[in-house]
Amino acid sequence: MSTHQPLQAAAAQTSSEDAPDPRQLRAILITVSIALMAVIASVSGLNVAQTHMAVEWGASQTTVLWIINIYTLALAALLLPLGAIGDRLGRKPMLIAGLIVFTAASVVAGLAPSAGVMIGARVAAGISAATIMPITLAVITSTFPEKERGKAIGVWTGVAGGGGILGMFLSALLVDVADWRYLFVLPVALAVVALAMTLKSVPNSLERSAHSFDTIGALLSTTAVIGLIFVLQEGPERGWTAPVTLISLAVGIVAAIAFVAWELHRRDASLLDVRLFRERGLACGSITLLVVFGVQAGIAVVLFPFFQAVLGWSGLLSTAAMMPMAVMMMITSGLAPKMAARIGTRSTMTVGVALATLGLALMALFVSVDGGYLSILGGMLAMGIGMGLSMTPSTEAITSSLPRAKQGVASALNDVTREFGTALGVAMLGALLASGYRGAIDGKLDGLPTGAADTAREGIANAIEVAPAAGSRSQDLVHAAQQSFVDGWQQAMWIGAAVMAVLLVYVALRGPKSTAPLPADDAATTEGIPAENVTAH
């Protein structure tokens, strides 16, 4: 393991004049939260404009999905390498560069004359987002004093968890009242504000390492993430046994194994010291975030068709219906550090996971076509509270497991875990819902024309679209599709609840006992007092 030698006296103690005061800390927190919100809003915003893009450019559904997914793919793939580069080159200049590129790419996307230009702009935006996202958290963990750090991480976690739903709501509002291209006004405005505030308020911090940058580790991690995320994104569309899916899976697994082997060989000079996963905090925090974000993303896959196809709501109203869960998540993310200080980190995470599990069970038990929104509201609120209570201590457990000079890597690991969880949850719960729907509706299509029956099996939206072709049985087909969707929902929710129950037992038994403060001698100090991270072999 690394041995971190004490800094020189001048750098070991930051004077009161150099330490940020409460007003500066608030400005820093607001700045990185706005920057994070810009990135998060761009992840989900285009989902509400799929039809508009397809019609305007004559693009296929595959092309439209690539426009949406390429951003997430680039973001997830480059988080670890760019987080590490930010540690070395300085977090402030990297954040500034990322915001500039992100703004320019978003402007180009908003004005894109074709799907090809849009895809290119989304790639550039995803790369710059991979620069911004880990640095926003690394700035908090390397700048805030120990007693304030937990609360600041809680705010960051709330924005990361609930920001996607809030961004989708604002995007849907813009599409309804203006034009789909106005979707990019929000991330551009947020990025410009964050850039101005970064120049004024954010101090610089960096690491001076005795080792060269782990280029091979960076390439292997990028390849592994691209391969595995591609499988999760494209598997449902192309088929899980399609050659391109299997090849991508093989590449991702081989690259991941090679990455672990190489990092063990590099030891103290590695991009990510995988030996740290032996520690409870890093392992439990990563697993918890993976599962919780997977369930959250999977819930969104289930909820939107329920609101739109079962309840007949508009896209804007459907997004607004998700807000209670997002609000509860954001509120409890901020309260989680206080709760952890009173009852302990493990207990807080256990309570959070238990409430999230309860939320899934409540939705599975009470969801119904006739019960409508109220049949799932209680479960949504429990889910929001549970996720907020579990995400903040999990994030703090991850960041506190690595020295402060490696906070860009720690933050990137936290973000990669979230992205993997999101992709996994969408793929798995979406597949479970589709399978449950088909299994339920198969026995309700007798007597329908063959073409209409085959179309109805594809999904509830397809069933409602083809219902007029069923003649006198059109209303029966709609009701059958709605009930079959609810049956599929229950199957997906029960399996999700079972996964969360396993996580609950793991957290209760193996959760972190506390989030230990980062070693003082590893502190990356503010601008003018660079930290040194000297490792001994």
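Everything numeric here is computed off the predicted structure, so don't read it as measured data.
Contact check for Val499 versus Val295: no side-chain heavy atoms found under the 4.5 Å cut-off. Residues Ile40 and Met133 are in side-chain contact: their nearest non-hydrogen atoms beyond the backbone lie under 4.5 Å apart. Counting heavy atoms from C-beta outward, Leu78 and Thr222 have side chains that approach closer than 4.5 Å. Arg149 places a side-chain heavy atom less than 4.5 Å from the side chain of Glu146. With contacts defined as side-chain heavy-atom distances shorter than 4.5 Å, the pair Trp489/Leu303 qualifies. Put simply, the side chain of Asn69 does not reach to within 4.5 Å of the side chain of Leu73, judged on heavy atoms. Met197 places none of its side-chain heavy atoms less than 4.5 Å from the side chain of Val202. Pro203 places none of its side-chain heavy atoms less than 4.5 Å from the side chain of Gln24.
Applying the salt bridge (Lys or Arg N to Asp or Glu O under 4.0 Å) definition to pairs two or more places apart or across chains, none involves residues 281-292.
The nearest pair of heavy atoms linking Val367 to Ser375 is CA-OG, 3.6 Å. Between Ala397 and Gly281 the shortest heavy-atom distance is CB-O, 3.5 Å. The minimum heavy-atom distance linking Phe102 with Ala191 is given by the pair CD2-CB, 3.8 Å. The nearest pair of heavy atoms linking Arg91 to Ile135 is O-CG2, 3.5 Å. Looking at every heavy atom in both residues, Leu433 comes nearest to Ala492 through N-CB, 4.2 Å. Nearest heavy-atom pair across Tyr71 and Ala129 is OH-CB, 3.4 Å.
With hydrogens and angles disregarded, a donor-acceptor distance shorter than 3.5 Å links the side chain of Thr392 to the backbone of Ser333. A donor-acceptor contact shorter than 3.5 Å is absent between the side chain of Ser435 and the backbone of Leu432. Listed for the Glu263 side chain is a donor-acceptor partner under 3.5 Å among the backbone atoms of Leu271. Checking side-chain atoms of Ser400 against main-chain N and O of Glu396 turns up a donor-acceptor pair under 3.5 Å. Although no hydrogens or angles enter the test, the distance criterion places no donor-acceptor pair under 3.5 Å between the side chain of Ser286 and the main chain of Ala283. Between the side chain of Gln490 and the backbone N or O of Ala364 there is at least one donor-acceptor pair closer than 3.5 Å. Not one N or O on the side chain of Ser201 forms a donor-acceptor pair closer than 3.5 Å with the backbone of Thr198.
Atom CG in Leu365 sits 14.0 Å away from atom CD1 in Ile376 (nearest 0.5 Å). Note: Leu289 CG to Thr395 OG1 = 4.5 Å, rounded to the nearest 0.5 Å. Arg342 CZ to Thr348 OG1: the interatomic distance, rounded to the nearest 0.5 Å, is 11.0 Å. The CG atom of Leu79 sits 7.5 Å away from the CG atom of Leu82 when rounded to the nearest 0.5 Å. Separating the OG1 atom in Thr319 from the CZ atom in Phe307 is a distance of 9.5 Å, to the nearest 0.5 Å. If you take NZ on Lys92 and OG on Ser205, they are separated by 10.5 Å, rounding to the nearest 0.5 Å.
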inquiry  = I'd like to know whether Val327 forms a side chain to side chain contact (heavy atoms under 4.5 Å, CB included) with Ile331, so could you lay out the CA-CA distance, the side-chain angles of the two residues, the decisive distance to 0.1 Å, and finally the verdict.
reply    = CA-CA 6 Å; Val327 170; Ile331 291 174; 3.7 Å; yes
inquiry  = What verdict does the side chain to side chain contact (heavy atoms under 4.5 Å, CB included) test give for Phe144 and Ile153, after you've listed the backbone C-alpha separation in whole Å, the side-chain angles of each residue and the deciding distance to 0.1 Å?
reply    = CA-CA 10 Å; Phe144 277 69; Ile153 290 176; over 6 Å; no
inquiry  = Under the criterion side chain to side chain contact (heavy atoms under 4.5 Å, CB included), I'd like the reasoning laid out for Ile495 against Gln491: C-alpha separation, chi angles, the key distance, then a yes or no.
reply    = CA-CA 6 Å; Ile495 293 176; Gln491 176 179 308; 4.3 Å; yes
Evaluation steps, side chain to side chain contact (heavy atoms under 4.5 Å, CB included), between Leu36 and Ile132 = CA-CA 7 Å; Leu36 177 63; Ile132 297 167; over 6 Å; no
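Exactly one residue among Thr157, Thr288, Asn414, Thr332 makes a side chain to side chain contact (heavy atoms under 4.5 Å, CB included) with Met391. That residue is Thr157. Between Thr350 and the options Leu389, Val505, Leu504, Leu509, a side chain to side chain contact (heavy atoms under 4.5 Å, CB included) holds for only Leu504.
Arg418 and Ser394 form no side-chain donor-acceptor contact under 3.5 Å, judged by distance and modelled atom types alone.
A salt bridge links Glu148 and Lys151; the closest N-O separation between the charged side-chain nitrogens and carboxylate oxygens is under 4.0 Å. Here Arg23 does not pair with Asp21 in a salt bridge; the nearest charged N to carboxylate O distance is not below 4.0 Å.
Between Phe293 and Phe420, a ring centre-to-centre spacing not shorter than 6.0 Å is recorded.
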